[in-house]
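First up is the structure itself, then whatever we jot down about it.
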Amino acid sequence: MVVNNLKLLVGGVQLRDAVTTVTDILGKLFVRAGLHVLAMERGYASTIYGAHQFDPLVVSATPPLSYGDDRTDILVALEHDANPDASIQPNRDTILRHGKNLKEGGVLIYDSSADAVETSELKARGVKVFPLAARQIAQRDLKMEVTKNTIVTGALLRLLEFDMDYALFGAYLEGRFLSKGRGVVDINLEAARRGRAAVEEILSSNGWDTIGYRLEPRPSALPNLLLTGNEAIGMGSVMAGCRFYSGYPITPATSILEFLEKHLPRYGGRVLQGQNERESIRAAIGASIAGVRSAVGSSGPGISLKVEEFGLSGATETPLVIIDTQRAGPATGMPTKSEQGDLAMAVYAGHGEIPRIVLSAGTIEECYSLAFEAFDLADKYQCPVFLLSDLTLTDGRKNLPQTFFTENQKPVVRHGLVRASDIEGDGYHRFAMTPSGISPRSIVGTPGAIFKVSGTEHDETGLITTDPSKRKAMVEKRMRKMQTYLREDAKPPQVFGSPDGVPLLAGWGSTKMPLLDAQARLRAEGTETCVVYFTHIWPFPVHLVAPLLRQGSELIVVEQNYAGQLADLIQQECLVETSRVLKYNGRPFYTADIAGGVRQVLAGGTRVVRVGEEAPDAAIVIVPEGD
Amino acid sequence: MVVNNLKLLVGGVQLRDAVTTVTDILGKLFVRAGLHVLAMERGYASTIYGAHQFDPLVVSATPPLSYGDDRTDILVALEHDANPDASIQPNRDTILRHGKNLKEGGVLIYDSSADAVETSELKARGVKVFPLAARQIAQRDLKMEVTKNTIVTGALLRLLEFDMDYALFGAYLEGRFLSKGRGVVDINLEAARRGRAAVEEILSSNGWDTIGYRLEPRPSALPNLLLTGNEAIGMGSVMAGCRFYSGYPITPATSILEFLEKHLPRYGGRVLQGQNERESIRAAIGASIAGVRSAVGSSGPGISLKVEEFGLSGATETPLVIIDTQRAGPATGMPTKSEQGDLAMAVYAGHGEIPRIVLSAGTIEECYSLAFEAFDLADKYQCPVFLLSDLTLTDGRKNLPQTFFTENQKPVVRHGLVRASDIEGDGYHRFAMTPSGISPRSIVGTPGAIFKVSGTEHDETGLITTDPSKRKAMVEKRMRKMQTYLREDAKPPQVFGSPDGVPLLAGWGSTKMPLLDAQARLRAEGTETCVVYFTHIWPFPVHLVAPLLRQGSELIVVEQNYAGQLADLIQQECLVETSRVLKYNGRPFYTADIAGGVRQVLAGGTRVVRVGEEAPDAAIVIVPEGD
Amino acid sequence: MSVASPGTAKLWEQNAFPRHRIQWCPGCGDFGVLAALKMALVRMGVMPHEVLLVGGIGCSGQTRNYLNGNGFHGTHGGPLGYALGAKMVDPGLTVIALAGDGDTLAIGMESFIHVCRRDPAMALILMNNGVYGLTRGQDSPTTGLGKIMEEHTEEHPPFVDPARLAITAGATFVAQSFSGDPKHCADVYVEAFRHPGFALVNDFSPCVTYNKFNTSNWYREHGEHIPEGHDPSDRAAAWALLDDFDRRGKLPLGIIYRAPRRKKAHARLPIWEEELTGIDPAPMFSAFR
Amino acid sequence: MSVASPGTAKLWEQNAFPRHRIQWCPGCGDFGVLAALKMALVRMGVMPHEVLLVGGIGCSGQTRNYLNGNGFHGTHGGPLGYALGAKMVDPGLTVIALAGDGDTLAIGMESFIHVCRRDPAMALILMNNGVYGLTRGQDSPTTGLGKIMEEHTEEHPPFVDPARLAITAGATFVAQSFSGDPKHCADVYVEAFRHPGFALVNDFSPCVTYNKFNTSNWYREHGEHIPEGHDPSDRAAAWALLDDFDRRGKLPLGIIYRAPRRKKAHARLPIWEEELTGIDPAPMFSAFR
Ligand SMILES: Cc1ncc(C[n+]2csc(CCOP(=O)(O)OP(=O)(O)O)c2C)c(N)n1
Ligand SMILES: Cc1ncc(C[n+]2csc(CCOP(=O)(O)OP(=O)(O)O)c2C)c(N)n1
Ligand code: SF4
Ligand code: SF4
Ligand SMILES: [Mg+2]
Ligand SMILES: [Mg+2]
């Protein structure tokens, strides 16, 4: 019997089968019971309807590090009907795609309303199969098709021997539906009971008294929240005093826009859905000129379209936070698949040269804390600050104690903003030469501190100039801010383990968790490594990194792109040779990818390992998703 | 007496004084006489009227390498009147800005119509001063103000003892004005004679029978053309079979647009002035889809705005030539000043990763030949090809023998374009997997070879997919083209001198000439160096470069930007440590800058020398230019 | 454009290669557009290889993949730009842009207005559903059609009318249709494809998933065919017609405005090697001597 | 907006700090715009520090530097975007965009149409000279005003009319003026600045260097003041007025259209530390439990 440690994957037809309704409810119930939930690989298509969708939840007693490769304990297939367009029956889609990943002794539940599915192979591997005519029960018995997912939920609760008295589930339903009337709550409870009854029958007819997995509530003092990386960025932005946010809808950045549209007005802020990518960023720049902390969020194509404005923010020394939730590129690429392909863009994009800061989040906690830091740094250095995230994080969910947000709150500090009372005499110089490179900044409406700000080269007063030595001085003033940052605010990479004489595994972004998991797996095999994980990537903190890198026996950079963008940066900045483990098939790194890749590099003979050939669903014919 | 070796600088108020009318005429006359002309530093403002403008011409018997630092032999100041807005008399503007750079024994001619200028300091340095009331003569004697510049021209011809019979000048005037009537030719000849008479008087009253400089026609078999880098790019494009060009006006790329608007229709092509940066590049991409060789040209801000489309060209494997005539950034920066600040953008710009090729021209000849090559490579590799130039080259002029264009013409080869007759059976696969990564390309209208092309990820047939292994294969197919390029088309850097054990001076772009000049200067001082000059920058030809770089004693990269963008790339790719000599004040590199910077690095103690503090006109109060 | 071959109908009706599985929501209006396009192209007698379908980014833009003919799919807001370039190269092509209200009127506004002015002989089928479908239901520039809003904010401005904008910008063919009536759509499309200038068809194509206001029924109730007597070549009449329908809360369906501009004909540009031999640089020399 | 102080006139008339040397060509129409702006701002009684001038890229955009008040100068085509953001933050500011026909109607078209719809209470003085001045004389989207073109090409399309476009897009204030008559311009500007929504002033401001057709004299001949009786609050009347002037080959000068929309008032957004203390995250928690 495995207690409080399983990976549950729900699959179905996108939009129609409401896959995430099931996983959302389950996730919340588990978290309310004090369990830990990690759901980092939401599989969905960029078309709205009809493609395969899946959502795996890892549930455990302690915070899980990783999502257990692609192995699944419990598979739930919500498809029910046959589709003449597909060469294979669609109520087998989830089973065909994910069935092969079911562990020995795992569990399969599928909707058998239309037809039974041939599962003898799975059964031979010891998988317990539960055909559940959920849709049929919902339509025929409950006269309400939407309850089909509650029927499945009820079945699952039974199989997991969890919340059998519906204390948690009932409360959830009341919270959600009581406003629509008691009836809605009751029919859902009834649906759950029907699901339970159906699987009871299968259990007993097979002579099973358990499925071998069980979830047990853990008494937990702290209320927990289950939220995505984007929601964490949204919260971090609110707490950092961001009061103007704009964005043009784009996957997977839209959920930040939607979160802030909902919450920011309550904090006195405004949120603008741009009519295009450039209106978005320009309005955010204008808002910053008027004094408010502002941000713009987008993904790949929308970031590429804003490049000209990054340069403007840098040249005019206008603070701006730019959130790039990376997805698989290039071009439209794979809008709902993950990648870390925009690092070089964040560091270099744009003609000419500007000061800029690039932060990168690797966990949902870091989405929150780095969002806060991004606004602070933008304010202090009056330059664009990029906050990189990636699709695995944006859509991934994890439980965090509420205290994570309520305790240790940092106050908002407006750096270097000049008030009328600070002004002496006439000669306010917006771009005054200072040792730090940071000049006193005024906002529109400040008596005595009128400014003329331009993206055209200018002198200290804002006067347009092409005078060679003034130009040289102004370039150097702007770039000096990056030296100041390196002295005052740069953070070294996070180091896990001792670097001395062992292979270093470097990474950034959502690779953090599988990287640490792979480290543990390699350690178990007797291979000691040290993980060097970057959050503060640019300006590159050479002084903090180079000595560290030289301590290791070799350097293997693990990242989700083709080139090895961080590896290139390290080579450029530290002149240290790198090996690379790269994945760019759209799926996040699994622990096995990293452990395998590192083993291959350490075995010698290759410096670049490109993983992901045998991807989970590569074997079957897949009906394409559209775009 | 210096014969056939001088630097002549003409200055005046922009637009009003028609500075380049004078230099254009003189340049053409000198070239017709078989002399060599190099005019690489056209100084102008991005505002239309009223700023200071200057244009230096280096004239010599052999092709000049460089423009002689900022030292001037003959200075011509066209300003005539006093401007109440300026703290200094504007008819002194040219003198104040450039007078200090006059060589001992140099010559000053200025318009003294309004007032005489105090020039005792110059005279003390042996400068021969010619106050010439050109405007007064033009207005009062010839009743035609526009002839004032011909008066100056006539004076110059006399002082240089050149074309004293007006054989060349008369022919020029006839070619240009005869269609407007004989009278126009005659009044100009008369004006020239007046100018001559005026300076004769000064010569004799000072007892000078020469100014110490003289130009002598050289019998030259070859007719020569005097043209700018942009005109050379335009010609190269026409010869390469480019038949669709688009661009949104921007300094300094506009002159390519204007050149091709004039000439391309004659060759059956069309030229589109985009209504914005994106319409320009999209139309060029659409034209390429329809089969024609096409290009788009722009500079900094316009390049930044097109970043999303570069990715599209890469992802859809649509050939496209992108001409980036760099100017000083970031943002609007200094639109009429030079910089090499866009290398990182060309190499990295865009979300995700695409195959791309980056070429960079360093001379006007290379503008022509690399333009030709760019179209060929774009066609062959079906990817974006960047051709970098910079403002020094775009506006710089140089004489080239006509045979340079007429001889050794290469035929246009359309690589890999599928014709109807090539198609067998049904299954034309636009993105077929090939060892080279290059797939057979069809264009709209080809029976049997219909395509579905998308920037969304796709399989060999163009079917949209997110299947992990198909995705992986397609990324690798695209990127494989870069391996093929490195094998078949990459060029090593140009090497001047022997690299063994000496300091290597690396560079790219318009720095080429001063780099070679500096090498000669250092050699004269006893310091042997080797110049390593890059034209084919990306994909970086590591195999051709790394061994070479290891031969030198050290590596000093000379470039016109703040960071050292080529130096960074070399470090990343070759893991070789670099020193850097950098200039980013908007002025091109002078030989002295490079020689001085290299000396400083070689003396030890510093790895980065930032030159340009004492720029030519830094000392005087300059009325700003606007933007 | 080649003459209708007897097999054309089959070519247009058969599955496109490669065969994309249609992934629109059941009931999506774009199914009607697809059906109408097939009818219209059959009627045109044009061959698939002579057609270039340029798709926008959005549910609507996927039409390009479900239909035979060459398909190009670039950046969001870009279809008209690519189509313009292709058409300028080869005037013999049938170039059709297929895009949504978001693609065309939000991010694509910069192209829309100017292509109306440039007037290339190509068509835009604007699948107007009053919402961003593919990004899951945000407001588009046509959101709010038919709703009365008492108060506006900068965040939520009133909708724009693509037909009026196109006429104001200089388009020479402006029509409207409702994808729930594919036969009528096809009639309109054929006229659009035959128009010797830029043709906008604003096709009301409901999004059943995200626009719960402008439903099929709503469009059916509000759509009204343009009366026989209307003279589309009269710009003032076109404007008056729009005013009249607006006043009555109705949407005119049919050809609102059609008045070709006098345009210079262009030959196809040189493409093939044999068209690019012996290029003589000499004519470019004169300015440099 | 603070009450007119006695010193305001001097503040507006004195040289801006830092003092830019004016680098327009002698006779450039923009001198008239500058003079008119000074008059209008004096009349408004607003203080320079309360004003944000957002300049476009072009000769026109330089006006921001020759005038007192805060100045921001971003990317080409961007003024309305920046201005929108600033205005949304602080409704108390007087926000004025100053840009050319190229900046606004070529590359800036994407912003222009949508800002007309959003209707923020700010003004755009569009210095329309029918040419790209700063890049030396290429065609702009308004090139060709008053010329009859027999044949068009994709390369050289007909001009657009910003007044008609703005009204079609939903702008609530549309006026025209001629910079050769700064007094009248100032009258129009004051109305534009006072308008509680987006105000477009299409100001004919000749480029003496590059537009040799639409000269000062040409504008003087073709400009005509809008008759007293015109009711600018009537949209149909506004359109009819434009039609009438067009027919007569004249350019209407004055307020063509003015009809404020009902808009929600907004407070200034929190900026200062004291407005950002004790932020409570709890209200955001509910969805996550
Ligand atoms: C530059 C860029 N920004 C944003 C997106 C995301 N995006 C894809 S489709 C779309 C809107 C589609 O709306 P519409 O054109 O109306 O098409 P529909 O799906 O409604 O047919 C957006 C915003 C993108 N692909 N590219
Ligand atoms: C992205 C970008 N593209 C091109 C330019 C070059 N550019 C500067 S001003 C201008 C046109 C200005 O015309 P207009 O707005 O009419 O101003 P005017 O000078 O006529 O007042 C252009 C194309 C630029 N600055 N940025
Ligand atoms: S989301 Fe709307 S537009 Fe998209 S396929 Fe579904 S119904 Fe059609
Ligand atoms: S070029 Fe034209 S718009 Fe520019 S300053 Fe001169 S006259 Fe004015
Ligand atoms: Mg839509
Ligand atoms: Mg203009």
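Both backbone and side-chain heavy atoms feed into the values below; hydrogens, waters and symmetry mates do not.
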> What part of C:Leu165 lies closer than 4.5 angstrom to a heavy atom of chain D: side chain, backbone, both or neither?
Replying inline: both
>> Is it the case that the side chain of C:Asn70 and the backbone of C:Val51 share a donor-acceptor pair, with hydrogens and angles ignored and the cut-off at 3.5 Å?
In response: yes
>> Under a 3.5 Å cutoff, is there a donor and acceptor pairing between the side chains of D:Asn129 and D:Tyr210?
In response: no
>> Only heavy atoms, only distances under 4.5 angstrom. Which residues in residues 145-158 of chain C are near chain D?
In response: C:Glu150, C:Glu151, C:His152, C:Thr153, C:Glu154, C:Glu155, C:Pro157, C:Pro158
> Looking only at heavy atoms, what is the nearest atom pair of C:Cys207 and C:Val131, with distance?
Replying inline: CB-CG1, 3.8 Å
>> Could you check whether any side-chain heavy atom of D:Asn214 comes within less than 4.5 Å of a side-chain heavy atom of D:His222, counting everything from C-beta outward?
In response: no
> Residue by residue, which of residues 255-269 of chain D have a heavy atom closer than 4.5 Å to a heavy atom belonging to chain C?
Replying inline: D:Arg261, D:Arg262, D:Lys263, D:Lys264, D:His266
> Are the charged groups of C:Arg235 and D:Asp243 less than 4.0 angstrom apart, N to O?
Replying inline: no
> Are any non-hydrogen side-chain atoms of D:His73 and D:Ile57 less than 4.5 angstrom apart?
Replying inline: yes
>> Can you tell me which portion of D:Phe159 sits under 4.5 Å from chain C's heavy atoms? Options are side chain, backbone, both or neither.
In response: backbone
> What's the shortest heavy-atom distance between D:Pro227 and D:Leu241, and which atoms?
Replying inline: CD-CD1, 4.3 Å
> Counting heavy-atom pairs under 4.5 Å to chain D, which of C:Ile167, C:Asp119, C:Val160, C:Ile113 comes out on top?
Replying inline: C:Ile113
> Under 4.5 Å between any side-chain heavy atoms of C:Phe72 and C:Leu53, yes or no?
Replying inline: no
> Would a 4.5 Å heavy-atom cut-off, applied to side chains only, mark C:Ile96 and C:Thr94 as touching?
Replying inline: yes
> Can you pull out the residues in residues 80-91 of chain D with any heavy atom less than 4.5 Å from chain C?
Replying inline: D:Leu84, D:Met88
>> Counting C-beta onward and ignoring hydrogens, is there a side-chain heavy-atom pair between C:Phe112 and C:Leu200 closer than 4.5 Å?
In response: yes
> side chain to side chain contact (heavy atoms under 4.5 Å, CB included) with D:Asp234: which residues, sequence neighbours excluded?
Replying inline: D:Asp231, D:Ala236, D:Ala237
> Does C:Glu224 reach the side chain of C:Pro252, with side-chain heavy atoms less than 4.5 Å apart?
Replying inline: no
> At what distance, to the nearest 0.5 angstrom, does CG of C:Asp101 lie from OG1 of C:Thr143?
Replying inline: 7.0 Å
> Which of parallel (below 30°), tilted (30 to 60°) and perpendicular (above 60°) describes C:Tyr132 and C:His76?
Replying inline: perpendicular
